[in-house]
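Working notes for the structure below.
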There are 2 protein chains.
Amino acid sequence: MGKVIEPRFEAAAGQLRAAGLRTTRQRLMLAEILFSQGHRHVTAESLFTEAAERGARLSLATVYNCLHQFTAVGLLRMVTVDAGRAYFDTNLSPHHHFYYERSGELRDIPEAEIAVARLPAAPEGAKIARVDVILRLQD
Amino acid sequence: MGKVIEPRFEAAAGQLRAAGLRTTRQRLMLAEILFSQGHRHVTAESLFTEAAERGARLSLATVYNCLHQFTAVGLLRMVTVDAGRAYFDTNLSPHHHFYYERSGELRDIPEAEIAVARLPAAPEGAKIARVDVILRLQD
DNA sequence: CGCAGATTTTAGAATGATTCTAACATAGCT
DNA sequence: AGCTATGTTAGAATCATTCTAAAATCTGCG
Ligand SMILES: [Mn+2]
Ligand SMILES: [Mn+2]
Ligand SMILES: [Zn+2]
Ligand SMILES: [Zn+2]
């Protein structure tokens with residue numbers, strides 16, 4: 001007997017199944033938080049806090065596990081803007097970022113708003129996996 | 001009586017004084033390693049190891065202190081490519097980076113080799129402090 | 001249903017980078 | 001040389017993240 005899935009978790013359940021991940025209570029909650037309200041940028045800690053505020057019972061270790069699993073199956077991508085903590089981004093299309101150094105807030109810049117032209121060739125034996133453009137903001 | 005400075009540290013001493021920093025034994029050694037052989041990308045740990053190999057007697061805490069002081073006075077700049085550790089760059093002119101994700105190696109890309117056109121305006125109340133372009137390499 | 005085996009979650013310990021503390025040493029000035 | 005601000009350091013502390021191993025849950029099958 002498959003367990004009953006609350007209606008508000010149906011979409012999340014579909015995404016998890018499509019990605020080949022089992023639908024656990026914790027993953028459903030995190031997926032719902034992440035994917036049901038437009039693009040998000042979260043850290044493990046911010047997501048854990050948000051889940052806790054919604055009454056979820058899960059551990060920080062599970063949040064880390066899920067963030068990495070979601071990233072591995074292509075539901076998230078990692079963004080590195082600060083040595084010290086990792087951000088995870090639900091926006092999978094190519095785009096760039098404003099980073100507010102003071103607050104730690106990340107904002108998307110649509111790909112079309114920045115033209116990166118004439119990329120150099122990748123060095124011998126390597127290939128360019130990703131092009132990140134970060135506009136660091138002060139004040 | 002000012003202490004005697006070995007000839008090989010003369011250049012480093014000049015840079016430190018120009019930057020308003022006292023010339024201590026530890027700073028002279030680190031400045032010599034950093035600034036006497038072309039541009040470098042170091043981490044605290046790599047610089048500490050390199051200094052130790054040259055026979056320097058200093059602590060890792062001092063390496064951290066110096067990296068931050070050198071950055072504060074504009075002798076270095078910090079580069080963020082990996083959540084987990086900070087890189088410091090002796091190349092102060094505007095330029096971009098190849099980052100070998102597997103080895104952690106950083107390589108400069110001269111500014112002229114990448115054209116970043118049509119930057120969006122900074123959001124209300126903020127200004128763009130820096131534009132970082134990272135080409136992440138795999139394989 | 002009711003299990004069994006595989007997967008997932010979790011508390012708490014461990015790790016790794018970095019920062020802090022507060023005592024000791026040195027640089028720079030008189 | 002002596003004074004005082006500044007710099008160095010060992011070791012503890014902090015913070016994000018990962019690991020461990022045991023308990024809980026999921027899923028397919030009888
Ligand atoms: Mn930071
Ligand atoms: Mn890393
Ligand atoms: Zn984004
Ligand atoms: Zn560089």
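Here is the naming used below: chain letters follow the sequence lines, and residue numbers restart at 1 for every chain.
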Between Glu101(A) and Arg130(B), is the closest basic N to carboxylate O distance under 4.0 Å? no
Please tell me if Thr62(A) has a side-chain N or O lying less than 4.0 Å from either OP1 or OP2 of dT10(C). yes
Short N-O contact, Arg54(B) and Glu32(B), less than 4.0 angstrom: yes
Assert: residue with more 5' nearest nucleotide on DNA chain C, out of Arg17(B) and Ala86(B), is Ala86(B)
Find the distance Met29(B):CE to dT8(D):P and express it as a whole number of Å. 13 Å
Closest to the side chain of Asn65(B), out of dT9(D), dT17(D), dT9(C), is dT9(D)
What nucleotide, of dT18(C), dT10(C), dT8(D), holds the atom closest to the side chain of Leu60(B)? dT18(C)
Nearest-neighbour nucleotide for the Arg22(A) side chain, dT18(D), dA6(C), dT9(C) considered: dA6(C)
Nearest to the side chain of Ala61(A) - dG28(C), dA11(C), dT8(D)? dA11(C)
Thr24(B) near the nucleic acid: base, sugar-phosphate alone, or nothing, with a heavy-atom cut-off under 4.0 Å? sugar-phosphate
Look at the side chain of Thr23(B) and decide which nucleotide, out of dG28(C), dT18(D), dT9(D), has an atom nearest to it. dG28(C)
If an axis is fit to five pairs at each end of the helix from dC1(C)-dG30(D) to dT30(C)-dA1(D), what is the angle between the two, to the nearest 10°? 20°
From the set dT9(D), dA16(D), dT9(C), return the single nucleotide nearest to any side-chain atom of Arg85(A). dA16(D)
